[in-house]
Amino acid sequence: MEFFCYHRDRADSQALRDELLEDHWSYMDGYAKEMIARGPTLSGPGEDDVATGSVHIVDLPDARAARAFAFDEPGYQAGVYRDVMLRRWRNLLGRTMWDFPGGRTGGTRYLVLGLGEGREAGTFELPDPVPPTGHDELIAYGPLLSDDGRTWLGTAALVRAPDPDAARAVLAADRHAADRYAEVEVHLWQFGGRQ
């Protein structure tokens, strides 16, 4: 089962995050085989970027293993994060971020989250989903799903794009969900893990 996990940082937690970086990486090294994508979201382009969160997309046996993954993480245990979004996810590209033809560097990358409209989204059954066509810059793409994996709750994408508006536009191509987003978030993101 694939899961999307987004730990959002508390304000002013950068020093604690930095202190725990090696612990975080060592923890994630234990999930290397299960990892589909990973990396921090950032405050903005520039040399003084501050981390605002951590994205991890993993393939784990079940929801219990996913909760353990999310909540046993050293930064979470130490209080780096203000909240955690953990959702079932479906890897519509069928690859990991390391298989992205665009490579690890070059260009600006974003996390795009399209969040469904509450009750209406909860009643929307996802018909055989496919990734949007014409988006060769997709690094990871898939629906956010209910715990049983049957109901669409939104979409999560990692994409290389020239700017936030172009990144957001990837959701407009999703013919199943484009008109069902109550909110769309766009966060600067970069490939994570050890170099």
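Interatomic distance, L20 CG to S13 OG, rounded to the nearest 0.5 Å: 10.0 Å. Rounded to the nearest 0.5 angstrom, R87 CZ and F3 CZ are separated by 11.5 Å. Note that the OG atom of S54 and the NE2 atom of H24 stand 4.5 Å from one another [nearest 0.5 Å]. Separation of atoms CG (L158) and CD1 (I139) is listed at 6.0 Å; rounding is to 0.5 Å. With rounding to the nearest 0.5 angstrom, the CG atom of L144 is 8.5 Å from the CH2 atom of W152. Here OG1 of T96 is found 12.0 Å from CZ of R38. Values are rounded to the nearest 0.5 Å.
With sequence neighbours excluded, no residue satisfies side-chain hydrogen bond (donor to acceptor under 3.5 Å, both in side chains) with T108. Under the rule for a side-chain hydrogen bond (donor to acceptor under 3.5 Å, both in side chains), the partners of Y6 that lie at least two apart in sequence or sit in another chain are T41. Listed by chain and residue number, I36, D59, W89, R90, N91 satisfy the side chain to side chain contact (heavy atoms under 4.5 Å, CB included) test with E2 (two or more places apart in sequence, or in another chain). Evaluation of the ring-ring contact (aromatic ring centres under 6.0 Å, His included) rule for F71 yields Y76 as partners, not counting sequence neighbours. Residues satisfying the ring-ring contact (aromatic ring centres under 6.0 Å, His included) criterion with H7, sequence neighbours excluded, are Y81.
The number of heavy atoms from other shown groups lying within 6.0 Å of CG (D12) does not exceed 12.
Here the shortest heavy-atom pairing between P40 and G192 reads CD-CA, 4.1 Å. Closest heavy-atom contact between V84 and C5: CG1-SG, 4.0 Å. Taking every heavy atom of both residues into account, Y141 and A157 meet most closely at CD1-CB, 3.6 Å. The two residues W189 and L111 have their closest heavy-atom pair at CB-N, 3.6 Å. When every heavy atom of A78 is checked against every heavy atom of L16, the shortest pair comes out as O-CD2, 3.5 Å.
By the 4.5 Å heavy-atom criterion applied to side chains, Y31 and L60 are counted as neighbours. Between W98 and R104 there is a side-chain heavy-atom pair separated by less than 4.5 Å. Within the 4.5 Å cutoff, side-chain heavy atoms of L115 are placed close to those of E185. Counting only heavy atoms from C-beta outward, the side chains of S146 and L153 approach each other to under 4.5 Å. R109 has its side chain within reach of F191: a pair of non-hydrogen atoms, C-beta onward, lies under 4.5 Å apart.
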From CA spacing to verdict: side chain to side chain contact (heavy atoms under 4.5 Å, CB included), H187, Y110: CA-CA 5 Å; H187 304 273; Y110 297 92; over 6 Å; no
Pair V55-F4, side chain to side chain contact (heavy atoms under 4.5 Å, CB included): steps then yes or no: CA-CA 8 Å; V55 173; F4 174 86; 3.8 Å; yes
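R67 places no side-chain N or O within donor-acceptor distance of the main-chain N or O of D62, the cut-off being under 3.5 Å. A donor-acceptor pair under 3.5 Å links the side-chain atoms of R17 to the main chain of G53, judged by distance alone. Of the possible polar contacts, none joining the Q190 side chain to the G39 backbone as a donor-acceptor pair under 3.5 Å is found.
Legend: salt bridge (charged side-chain N to carboxylate O under 4.0 Å, His left out) pairs involving residues 68-86, not counting sequence neighbours, sorted by first then second residue: R8-D83. The salt bridge (charged side-chain N to carboxylate O under 4.0 Å, His left out) pairs that include a residue from residues 18-30 are E22-R194, D29-R194, where partners are two or more places apart or lie in different chains.
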Tell me which donor-acceptor pairs under 3.5 Å the side chains of residues 159-172 have, and how far apart each pair is, sequence neighbours excluded?
{"from": "R160", "atom 1": "NE", "to": "E137", "atom 2": "OE1", "distance (Å)": "2.3"}
{"from": "R160", "atom 1": "NH1", "to": "G102", "atom 2": "O", "distance (Å)": "3.4"}
{"from": "R160", "atom 1": "NH2", "to": "E137", "atom 2": "OE1", "distance (Å)": "2.8"}
{"from": "R160", "atom 1": "NH2", "to": "E137", "atom 2": "OE2", "distance (Å)": "3.4"}
{"from": "D163", "atom 1": "OD1", "to": "D165", "atom 2": "N", "distance (Å)": "3.0"}
{"from": "D163", "atom 1": "OD1", "to": "A166", "atom 2": "N", "distance (Å)": "2.8"}
{"from": "R168", "atom 1": "NH1", "to": "V184", "atom 2": "O", "distance (Å)": "3.4"}

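Using modelled atom types and a 3.5 Å distance limit, the side chains of T155 and Y181 yield a donor-acceptor pair.
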